Structure formats: C-alpha cells, structure tokens
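This is the structure I want to talk about, given as structure tokens.
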Amino acid sequence: LMGQLKKKGVADNTLVLSLADNGWNDYGKAHPYENGVRTPFIAHWPGKIKPRKDERRLVSNIDVVPTILTAAGVKPPASLPGINLLDEQAVAKRDTLFLSNFAHDMASATEPEKSLWTRSCIHGKWKLVAWINNPPKIRPWAGGHRRKTGANLELFDLLTDPHETKNLADEHPDVVKDLLARINGWWKVE
C-alpha cells in the first residue's frame with residue numbers, strides 16, 4: 001500500500017490507519033481479556049504524526065471515523081462516538097474505555113444483547129470484566145467464553161498484572177462498584 005501511495009505521489013498527504021479486530025494470538029479471538037482486545041493501532045501521516053510507540057493511552061476502533069473525518073476537514077457529528085486521535089489533548093484526557101464481547105454467531109441484528117458475553121471497563125489501571133449470567137452457546141473453537149477465574153465479575157490491575165491472572169474483585173469491592181456503575185451507565189443490560 002505504501003509503495004503504491006509513493007508511486008502515485010500522494011504518500012505525504014495521506015493518512016494511513018491500520019488496526020486489527022482481534023488480539024495478537026489465536027487465543028485472543030472471542031474473549032474480553034487483553035490479548036483479545038488490545039491490538040496494534042498504527043497511524044501514519046508524514047509531517048502530521050510524529051512516530052512513536054504508546055502502550056499506555058486508550059484508543060478504540062470507534063475513534064477511526066472521527067479521526068478520518070477531522071483529517072479530511074469534516075467536523076464529526078456530536079452524536080458520533082469516539083475521539084479524533086490526531087488531537088493529543090483528547091487522547092491524553094481519555095481515562096475510561098468500554099468494551100463489549102459477543103458470541104461469534106449473532107442471535108439478533110436488532111437486539112445485540114442476545115449475543116452478549118461480557119461488558120468491560122478499563123479505567124486508569126483497573127479493568128472490570130462483567131460476564132452475562134447465561135452467555136449464549138458458542139462454537140468450541142471460540143475459547144473466549146471461559147472465565148479466567150470462574151467469577152461473574154473479574155477485576156484486574158493491568159499495571160501489575162497485564163496478563164490478567166489474579167481476580168482482585170473480592171479485595172477491592174469499592175473499585176468493582178465504581179466500574180460496574182460506569183458500565184451500567186454506558187450500557188445497562190436487563
């Protein structure tokens with residue numbers, strides 16, 4: 001792609017975004033843990049974006065459209081979710097990100113909660129994974145339905161435990177309560 005852009009003489013005036021919809025290994029697909037939801041997001045635009053690696057800031061695929069619209073000189077509608085990733089202040093200001101995880105086979109196009117496995121929230125160093133009590137049946141190859149700890153609520157400290165091996169929900173009920181309220185404020189499922 002970059003070779004073709006250079007060949008056409010437009011490489012220096014083209015924003016290129018590259019991202020993935022799954023985690024970085026085969027075990028990441030179809031589950032809410034970091035190796036399933038944290039993927040590389042590459043933005044390239046010579047003279048506009050300074051090359052760097054940033055593993056701390058929270059970005060999401062919902063940021064793609066506002067970023068492209070802004071880069072093209074179009075103001076995104078206020079109702080559009082996401083932020084412009086070219087706005088350093090907006091990226092630095094984001095301290096919370098919500099995630100949803102679904103069964104591979106969609107049960108209903110108009111009722112997404114019928115295929116919902118988890119809702120999650122990353123806020124600061126904390127990540128809460130809230131499992132749906134009766135997740136839909138899934139194909140055996142999609143291993144994401146297995147809870148790491150067997151609990152319906154899993155709290156992880158991503159700074160000290162980036163591989164999410166220890167559920168801290170019982171040790172930090174105040175954090176669980178706060179993050180669950182944030183999740184329900186974003187998307188409450190009955």
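All of these numbers come straight from a predicted model, not from anything done at the bench.
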Inset, instruction - Treating Ile, Leu, Val, Met, Phe, Trp and Tyr as nodes and any side-chain heavy-atom pair under 4.5 angstrom as an edge, say whether Leu168 and Leu153 lie in one connected cluster. - result: yes

Inset, instruction - Determine whether the side chains of Arg119 and Asn101 contain a donor N or O and an acceptor N or O closer than 3.5 Å. - result: no

Legend entry - Between Glu154 and Trp131, a side-chain donor and acceptor under 3.5 Å: yes

Legend entry - Spatial distance of atom CG (Leu179) from atom SG (Cys121) [nearest 0.5 Å]: 5.0 Å

Inset, instruction - With rounding to the nearest 0.5 Å, note down the distance linking CD1 in Ile132 to CG in Leu116. - result: 4.0 Å

Legend entry - Heavy-atom side-chain contact between Thr165 and Phe156 under 4.5 Å: no

Legend entry - Basic-acidic side-chain contact under 4.0 Å: Arg38, Glu55: no

Inset, instruction - State plainly whether the residues Arg94 and Asp63 are in salt-bridge range, i.e. N to O under 4.0 Å. - result: yes

Inset, instruction - Taking the side chain as every heavy atom from C-beta outward, state whether Thr96 and Ile122 have any atom pair closer than 4.5 Å. - result: no

Legend entry - Heavy-atom pair of closest approach, residues Ser108 and Ser115: N-OG, 4.2 Å

Inset, instruction - Check whether more than 12 heavy atoms from other residues, nucleotides or ligands sit under 6.0 Å from atom CG of Asp95, and answer yes or no. - result: yes

Legend entry - 4.5 Å side-chain heavy-atom contact, His163 and Glu34: no

Legend entry - Spacing of Ile49 atom CD1 and Ile42 atom CD1 [to the nearest 0.5 Å]: 11.5 Å

Inset, instruction - Not counting sequence neighbours, list each pair that qualifies as a ring-ring contact (aromatic ring centres under 6.0 Å, His included) and has a residue in residues 74-101. - result: Phe98-Trp186

Legend entry - Straight-line distance of Gln89 CD to Asn84 CG, nearest 0.5 Å: 11.5 Å

Legend entry - Pairwise side-chain contact, Phe41 with Leu17, heavy-atom cut-off 4.5 Å (strictly under): yes

Legend entry - Lys/Arg N to Asp/Glu carboxylate O, Glu171 vs Lys166, below 4.0 Å: yes

Inset, instruction - Nearest 0.5 Å please: distance from the CG atom of Asp161 over to the CG atom of Asn167. - result: 10.0 Å

Legend entry - Main-chain N/O of Ile62 paired with Ser60 side-chain donor or acceptor, under 3.5 Å: yes

Legend entry - Gap between atom CG of Asp54 and atom CZ of Arg56 - 0.5 Å precision: 9.0 Å

Inset, instruction - Kindly determine whether Glu88 and Lys93 satisfy salt bridge (charged side-chain N to carboxylate O under 4.0 Å, His left out), including the steps that lead there. - result: CA-CA 8 Å; Glu88 287 288 328; Lys93 185 178 164 185; over 6 Å; no

Inset, instruction - List the atom of Ser100, the atom of Trp187, and the distance in Å for their closest heavy-atom pair. - result: CB-CZ3, 4.0 Å

Legend entry - Path from Val65 to Leu19 over hydrophobic side-chain contacts below 4.5 Å: no

Inset, instruction - Look at Lys177 together with Asp174 and state whether they make a salt bridge at an N to O cut-off of under 4.0 Å. - result: no

Legend entry - Closest non-hydrogen atom pair between Leu85 and Thr67, with its separation: N-OG1, 2.8 Å

Legend entry - Heavy-atom side-chain proximity of Leu158 to Glu164 below 4.5 angstrom: yes

Legend entry - Within-4.5 Å side-chain heavy-atom neighbours: Pro32 and Leu99: no

Inset, instruction - Group every Ile, Leu, Val, Met, Phe, Trp and Tyr by side-chain heavy-atom contacts under 4.5 Å, then state whether Val91 and Ile68 land in the same group. - result: yes

Legend entry - Trp45 side chain reached by Leu86 side chain, heavy atoms, under 4.5 Å: yes

Inset, instruction - Go through the steps for Leu155 and Asp170 under the test side-chain contact (heavy atoms from CB on, under 4.5 Å), then give the verdict. - result: CA-CA 9 Å; Leu155 179 69; Asp170 290 340; over 6 Å; no

Inset, instruction - Identify the two heavy atoms, one from Pro66 and one from Pro81, that lie closest to each other, and give their separation to 0.1 Å. - result: CG-O, 3.5 Å

Legend entry - Minimum side-chain heavy-atom gap Thr14-His44 below 4.5 Å: no

Inset, instruction - Determine, using the 4.5 Å side-chain heavy-atom cutoff (strictly less than), whether Leu15 and Leu69 are members of one ILVMFWY cluster. - result: no

